Amino acid sequence: MRSAILAATALAVVSGTAHAADDLLKRSRDLFAPLPGVGSEAKGADPALVDLGKSLYFEPRLSASGLISCNTCHNVGAGGVDGMETSVGHGWAKGPRNAPTVLNATFNTSQFWDGRAPNLKEQAKGPVQAGVEMNNSPDRVEATLKSIPGYVSQFAKAFPKAKDTVTFDNMATAIAAFEATLVTPDAPFDRYLKGDAKALTAQQKKGLATFVDSGCASCHSGVNLGGNSFQKFGVAKAPPESARPEGDKGREKVTSNSDDAFAFRVPTLRNTALTAPYFHTGKVRSLEEAVRVMGESQLGRTFSDAETADIVAFLGSLTGKQPQVTLPILPASSATTPAPVL
Ligand code: HEC
Ligand code: HEC
């Protein structure tokens, strides 16, 4: 009799847990989605276009100094970031913001911390011209690329229909096509969403439940767990001044609307375990601390150490298969290639 009661209780507990587990999966599927493969810029794209984009991504001659490429600050072998608080560019100048990852950036609905570029193509034109990044001009980039015979033929192959093939605009199209291949599928969390209940550890599931229940997912949702909305940094409480200084009002500068003061494009949390330091200022080095700051500033919640550890464990399940990129052999300069300017 006693053992029958015990068995019944055990059964109830087991089915209760199973029910909670199903519920967590169901709620997760409503909020998030597995990575769908390459981004739209690369879907059905001519391999010649993607190849050209790859060369240009690794091409330091797009910078005035001939030293800095996209990969300098968005190292595809290191989570798509540079690991710096804020990036260092032309003439060792320190830029104002932390470099976000290029991995899965194709799935963000706008680009930059303040969303000032609508897509990867428009984004790619920015850093080449930014004084603190590559410090170049569209004319000089075109002159450089036209002086390199290998690029002239690569552009002709990638843009067979265009009259004027070696253009700044086509450069950006090609880079965007390559970037759209920089996706990281098959993270444990993707496998979980697809139905593999064992893909997450018990602690990661606890962390996921806390992430959903406490409200993190109200901003970090969708395919990228972020990247799809602008939100104020400091909804419940102003974050520490170092993480959110007065001088950078984020989205407000783009829209000139004071309601957007301190709003930023919510960053993706995919591969976040690889992309320290955190926030647009890069002032927070540990993921634990970033989670604590988020709890307090966005939700008005102080997490216990155990809850924080659970969430951090869950965030670790968002690290996917990193893109295997073979380093391109870049075409040789010619006598007319502009000399580097330091
Ligand atoms: C000197 C370092 C540096 C270089 C070089 C650089 N970037 Fe960036 N990149 C940054 C920083 C910093 C930001 C964020 C700036 C901001 O939001 O205001 C950024 C933002 C981005 C973003 C937006 C990601 C997001 O989530 O919003 C993409 C995509 C990107 N860069 C791609 C590129 C490409 C392509 C190149 C080469 C043409 C390049 N970057 C060159 C530092 C750099
Ligand atoms: C109200 C919207 C909102 C909520 C809720 C929210 N976040 Fe964020 N999160 C943001 C924004 C906006 C940023 C970027 C802040 C900045 O740097 O300006 C961010 C940044 C982050 C970062 C840093 C990522 C990086 O690459 O720098 C992490 C990690 C993070 N959030 C995790 C969480 C967790 C965990 C929770 C729940 C405790 C949470 N967020 C709740 C909007 C939100």
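What you see is a predicted model, and the numbers here were worked out from it, not measured in a lab. Positions are given from 1 along the sequence.
- Tested against Leu225 for a side chain to side chain contact (heavy atoms under 4.5 Å, CB included), the candidates Leu318, Thr272, Val266, Leu315 yield a single pass: Leu318.
- For the pair Arg265 (side chain) and Ser110 (backbone), a donor-acceptor distance under 3.5 Å is present.
- Pro331 is listed as a side-chain neighbour of Gln154, based on a closest heavy-atom distance under 4.5 Å.
- In this structure, Leu25 is a member of the same hydrophobic cluster as Leu200, with clusters built from ILVMFWY side-chain heavy atoms closer than 4.5 Å.
- Using a distance-only test at 3.5 Å, with no hydrogens or angles considered, a donor-acceptor pair links the side chain of Asn98 to the main chain of Glu85.
- Using the six-membered ring where Trp is involved, His280 and Phe233 have ring planes that are perpendicular, over 60° apart on the 30 and 60° scheme.
- Taking hydrophobic clusters as Ile, Leu, Val, Met, Phe, Trp and Tyr residues chained together by side-chain heavy-atom distances below 4.5 Å, Phe178 does not share a cluster with Leu35.
- In this structure, Phe189 and Phe32 have perpendicular ring planes: the angle between them is above 60°, well past the 30° mark.
- The one candidate from Val76, Val102, Asn104, Leu103 that meets the side chain to side chain contact (heavy atoms under 4.5 Å, CB included) condition with Glu179 is Val102.
- When only modelled atom types and interatomic distance are considered, Ser229 and Gln231 share a side-chain donor-acceptor pair under 3.5 Å.
- In this structure, a donor-acceptor pair under 3.5 Å is present between the side chains of Glu41 and Thr106.
- Ionic pairing of Asp248 and Arg97 is present here: one or more N-O contacts between side-chain nitrogen and carboxylate oxygen are shorter than 4.0 angstrom.
- Here Lys125 pairs with Asp169 in a salt bridge; the nearest charged N to carboxylate O distance falls below 4.0 Å.
- No hydrogens or angles considered: a donor-acceptor pair under 3.5 Å links the side chains of Thr184 and Asn271.
- Between the NZ atom in Lys232 and the NZ atom in Lys249 there is a gap of 10.5 Å [rounded to 0.5 Å].
- Using modelled atom types, no side-chain atom of Ser63 and backbone atom of Met134 make a donor-acceptor pair closer than 3.5 Å.
- Looking only at distances, no side-chain donor or acceptor of Asn228 sits under 3.5 Å from a matching main-chain atom of Thr109.
- Glu307 places a side-chain N or O within 3.5 Å of a backbone atom of Ser304 that can act as its donor or acceptor partner.
- Ring orientation note: the planes of Tyr151 and Phe155 are nearly perpendicular, at an angle over 60° on the 30°/60° scale.
- Considering every non-hydrogen atom in both Leu208 and Ser28, the closest pair reads CD2-OG, 3.5 Å.
- Considering Lys321, Arg270, Arg29 in turn, Arg270 is the only one that fulfils the salt bridge (charged side-chain N to carboxylate O under 4.0 Å, His left out) rule with Asp190.
- Heavy-atom minimum distance, Thr268 versus Asn224: OG1-O, 2.6 Å.
- Using a 4.5 Å cut-off on side-chain heavy atoms (C-beta onward), Val128 and Phe168 make contact.
- Side-chain contact annotation: Thr255 with Asp260, donor-acceptor N/O pair under 3.5 Å present.
- Classification of Lys157 and Asp46 as a salt-bridged pair fails, no side-chain N sitting under 4.0 Å from a carboxylate O.
- Side chains of Lys146 and Thr336: no donor on one and acceptor on the other come within 3.5 Å.
- Interatomic distance, Leu145 CG to Ser55 OG, rounded to the nearest 0.5 Å: 10.5 Å.
- For the 3.5 Å distance criterion, the side chains of Arg61 and Thr337 fail to qualify, holding no donor opposite an acceptor.
- Within the 4.5 Å cutoff, no side-chain heavy atoms of Pro239 are placed close to those of Phe279.
- When all heavy atoms of Arg292 and Asp305 are compared, the closest pair comes out as NH2-OD1, 4.0 Å.
- Under a 3.5 Å cut-off, the side chain of Arg191 and the backbone N or O of Asp186 do form a donor-acceptor pair.
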